[in-house]
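Below is one structure, written out as C-alpha cells; comments come after it.
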Amino acid sequence: MAMVNSSDSAEDRLRRIEAVTDTTLAHLGVEQLLQELLARVREILGTDTATVLLLADGGQHLVATASSGLEESVRQGVRIPVGEGFAGRIAQRRERLVMQEITSTTVRNPILWQKGVHSLAGVPLLAGGELIGVLHVGSMLPRDFTDQDLQLLELAADRVALATRTRQARVERAAAAALQRNLLPARLPRIIGMELASRYVPAEEAGVSGDWYDVFTLPSGWLCVAIGDVVGRGLTAATVMSRMRTATRAYALDSNDPSEVLSKLDSHMRHFEPDAMATIAYGMWEPSLERLHISLAGHLAPVLAAPGDPAAPAELPVDPPIGAGSAPLRRRTSTITVAPGTMVLFYTDGLVERRHRPLEVGLQLICDAMRTDSAEAMCAAVMSKLIDADPTGDDIAVLAIRRQTAEELRRLELEFSAVPDSLSEIRAALRRWLPTVGASDDDIADLLVAVGEASANVVEHAYGPLGGTVELHLAANDREVIATVKDNGSWRPPRGQHRGRGTQLMQHLSDDVRFEHGPDGTSVQIRRHLTGGKFP
C-alpha cells in the first residue's frame, strides 16, 4: 500500500496537487494524460488505486477510462450505469462518497472486491458545472478517509476534470475537422456540360459544425447535388452529417424525385437520429442538363443568374427541416429550366447570416456578386463580397455550378485509366456530350460502339501489368464529330483467334477511321458526319 508521509503539511500536499496540472504534460493525449495524473493522485493521497470513469452513451453510463492500480477495469471496458453502485451514485448525486464495505451488493465493478479493496473514496468530476465523470481512490486496508483527504481529492478532481475537458475538446475539434474534411468531396466530379467549383470554410469562433455538400452522378445519368447544415457543433454534428450524407446517396439510387429522397431521409433521421435536425437542399439534373428538379428542407434556395438577366434566389417552396415537427410531412419538388450559360449557386446560411446584417442584405450581396463566366471566379467573387475581416461564427459552404454553352463544348479532352471499368465512364461521357453537338440517336448509338471498340482495344492491348491511360479527344464542327482515342503504350499481339473485328466495326459505323502507330503510342481517329442537323 502506498504511504503518506505524516510530516507533509497541508501546504506541501496542496503544492503537490497543483503539480497535477504540470505543463510538461501538455503533449499527452487524453488517456496518457489521465494515466499520469492518476499516478500522482495515488501517490499524494497514499492510496492503492486511483480510477477515472467518464460519462458515455449520452450520460447514461460511466466507462472506466484510466486507472492506476485497477488497470483491468480499463482493459475490460467496465461500464457502470449512472445511479447504480459506488461510482454511479456519485455521478447521480454529484456528491463525495466514502464506502468501507466493498461487496457485490455495494459496488457494481466486481474487480474492486476481487482485488481486495476495503475502502473507497470518490468525488464527481465537474468542469464548468457540467458532470464529465467520477474520480475514486481505494485502499487495500481499512482506512478512514478524513475530511482533509476528501478536500484534497476534490481539489485533484478539479484539476483532472479541467485538464480532461480541455484535452477532450481539443481532440473532438480535431476529429470533427478531420471527419468533415474527409467527407467533403476531395475533388468535384468532371461532368460533361457542367463547370463546378466550391468553397468550405470552418467557423473561427465556435469550431466545426455540420455543414456539408455533395455532388455525384447516378447510373441513369442524372446529376445529383446536395448541400446541408446539421444543427449543432463539434464531433456530434459532424458525425450526424456523415450519416446523413451516406443516407442521401443511398436513397438517391432509388428515386428520381428529390422530395421522395428527402422524405425517406427524414424518416431515416427520425428513427436513427431522433435528436438531430438539419436543413438540406437536394437537386437532380436530368441527363440533358436542361432541367433541375429540387426540393428544399428548411434550406435557403439557390441563387440563379442567366446571361444578360439579373441574379435572384429561385422562387421555390420551402418545406420543414429534416427531423423538425412531430411527424413527417409531404414534401414538394420544383422544376427549374437551366439554360446554357446559367450559374446556379448553392450555399449554407453561414455565408449570409451575420449578427449585424439582416438576411435580406446578405442575399442581395450574393446577387450583386453573381457572374456567369466561370464557376471558380463565382466562388471567389461571392466569398470576397460577403466575408470580411471579422471572425466567422458559422461554417460556410458554397457550391457553384454553371451549365456550359454549346460553343464551349465544341472541344473536349478527357483522360481515363486503361482498365475495363473505365469503358462505362467513356460511354457515359459520350452520351452526355454528343447531344450537345447536335448528334441524333443514330449518331449516338453508332459512335458509342465505334469509340467503345477503340477504347476497349487500348485497355486490352496497349499496356502491360503496370497499366496506363486512355485519352479521349472530342471535337465537333457544323456537321461532323471527330473522336480521337490515344494511348502511350506498346501494343501486344491479340490473344486468341478470330480477333480484330473491332476495326471492321469502327469502319462500318463511321465515315472515316485512321490509325497512327508510333514509338509514343497509338492514335485512332474516328470521323462521323452528323445526321441530326447542324451544330447548335
Side-chain angles (χ1 to χ4, degrees), residues 188-196 217 220-223 285-292 306-307 337-343 372-376 401-416 418 422-459 469-487 502-503 505-516 521-536:
L188 293 172
R190 175 129 188 217
I191 308 298
I192 306 302
M194 287 294 200
E195 183 186 351
L196 293 85
T217 57
S220 60
W222 287 67
L223 170 65
W285 258 281
E286 296 177 2
S288 66
L289 305 180
E290 293 176 355
R291 297 198 304 171
L292 168 64
T337 299
V338 183
T342 298
M343 183 76 71
T372 60
D373 58 334
S374 162
E376 183 61 37
I401 303 179
R402 177 181 174 272
R403 186 181 173 198
Q404 294 177 295
T405 64
E407 185 64 30
E408 293 176 277
L409 294 170
R410 281 180 178 268
R411 292 185 176 275
L412 196 63
E413 295 186 1
L414 304 171
E415 184 175 280
F416 305 90
S422 294
L423 298 178
S424 61
E425 296 181 43
I426 292 171
R427 289 192 293 270
L430 287 169
R431 286 194 186 97
R432 197 177 293 279
W433 180 76
L434 287 168
T436 68
V437 298
S440 68
D441 290 343
D442 289 340
D443 296 328
I444 294 171
D446 291 348
L447 283 167
L448 282 174
V449 175
V451 175
E453 284 291 331
S455 303
N457 284 340
V458 173
V459 171
T469 59
V470 182
E471 296 179 20
L472 179 59
H473 300 261
L474 301 171
N477 54 40
D478 286 346
R479 297 193 60 85
E480 184 180 58
V481 165
I482 304 170
T484 304
V485 180
K486 299 179 65 177
D487 65 75
T503 299
L505 194 56
M506 285 186 275
Q507 292 172 336
H508 176 71
L509 296 174
S510 60
D511 295 294
D512 184 47
V513 180
R514 298 183 183 182
F515 297 86
E516 292 186 9
T522 298
S523 172
V524 180
Q525 185 182 86
I526 300 170
R527 291 177 176 267
R528 166 82 181 202
H529 294 300
L530 298 179
T531 62
K534 292 187 178 183
F535 189 88

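Remember, it's a predicted structure, so these values are computed and weren't measured experimentally. Hydrogens, waters and symmetry mates play no part in the numbers below; they use all other heavy atoms, side chains included.
Put simply, the side chain of L414 reaches to within 4.5 Å of the side chain of I192, judged on heavy atoms. With a 4.5 Å cut-off on side-chain heavy atoms, I482 and Q525 count as touching. By the 4.5 Å heavy-atom criterion applied to side chains, D487 and V470 are not counted as neighbours. Between I526 and V451, the closest side-chain pair of non-hydrogen atoms falls below 4.5 Å. F515 has its side chain out of reach of S523: every pair of non-hydrogen atoms, C-beta onward, lies at least 4.5 Å apart. Between V481 and D443, the closest side-chain pair of non-hydrogen atoms is not below 4.5 Å. Counting heavy atoms from C-beta outward, T503 and V513 have side chains that stay 4.5 Å or more apart. Two residues are said to be in side-chain contact when any heavy atoms from C-beta on lie closer than 4.5 Å; L474 and W433 meet this criterion.
Taking all atoms of both residues into account, the shortest heavy-atom contact from R410 to N477 is NH1-CA, 3.7 Å. The two residues A454 and V485 make their nearest non-hydrogen contact at CB-CG2, 3.9 Å. The heavy-atom pair separating P340 from R403 by the smallest distance is CD-NH1, 3.5 Å. Heavy-atom minimum distance, M506 versus A450: CG-O, 3.4 Å. Shown here for P287 and S220, the closest heavy-atom pair between the two residues is CG-O, 3.9 Å. P435 and I444 get closest at one heavy-atom pair: CG-CD1, 3.8 Å.
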Subject >> Chi angles and distances behind the side chain to side chain contact (heavy atoms under 4.5 Å, CB included) call for L289, R432 >> reply: CA-CA 9 Å; L289 305 180; R432 197 177 293 279; 3.3 Å; yes

Original post:
Would M343 and I401 satisfy side chain to side chain contact (heavy atoms under 4.5 Å, CB included), going step by step from the backbone distance to the final call?
Top reply: CA-CA 6 Å; M343 183 76 71; I401 303 179; over 6 Å; no

**OP:** Go through the steps for W285 and M194 under the test side chain to side chain contact (heavy atoms under 4.5 Å, CB included), then give the verdict.
**Re:** CA-CA 11 Å; W285 258 281; M194 287 294 200; 3.4 Å; yes

**OP:** Would you check, one step at a time, whether the test side chain to side chain contact (heavy atoms under 4.5 Å, CB included) holds for F416 with L423?
**Re:** CA-CA 9 Å; F416 305 90; L423 298 178; over 6 Å; no

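At distances below 3.5 Å, not a single donor-acceptor pair connects side-chain atoms of R291 with backbone N or O atoms of V338.
Every residue two or more places apart in sequence or in another chain that forms a side-chain hydrogen bond (donor to acceptor under 3.5 Å, both in side chains) with D446 is listed here: R528. Residues that satisfy the side-chain hydrogen bond (donor to acceptor under 3.5 Å, both in side chains) test with Q404, not counting sequence neighbours, are absent from this structure. For R411, the side-chain hydrogen bond (donor to acceptor under 3.5 Å, both in side chains) test picks out no residue, with sequence neighbours left out.
In this structure, CG in L530 is found 11.5 Å from CG in D442, a value given to the nearest 0.5 Å. Atom CD1 of I426 sits about 3.5 Å away from atom OG of S455, to the nearest 0.5 Å. Annotation: the span from E415 atom CD to L472 atom CG amounts to 11.0 Å, rounded to 0.5 Å. The line from CG of L447 to CG of L430 is 7.5 Å long, rounded to the nearest 0.5 Å. Interatomic distance, OG1 of T484 versus CD of E413, reported as 9.5 Å (0.5 Å rounding). Rounded to the nearest 0.5 Å, atoms OG (S510) and CD (E480) are 10.5 Å apart.
Salt bridge status for R402 with E408: present, with a side-chain N to carboxylate O gap under 4.0 Å.
Within a 6.0 Å radius of CG in D441, no more than 12 heavy atoms belonging to other residues, nucleotides or ligands are found.
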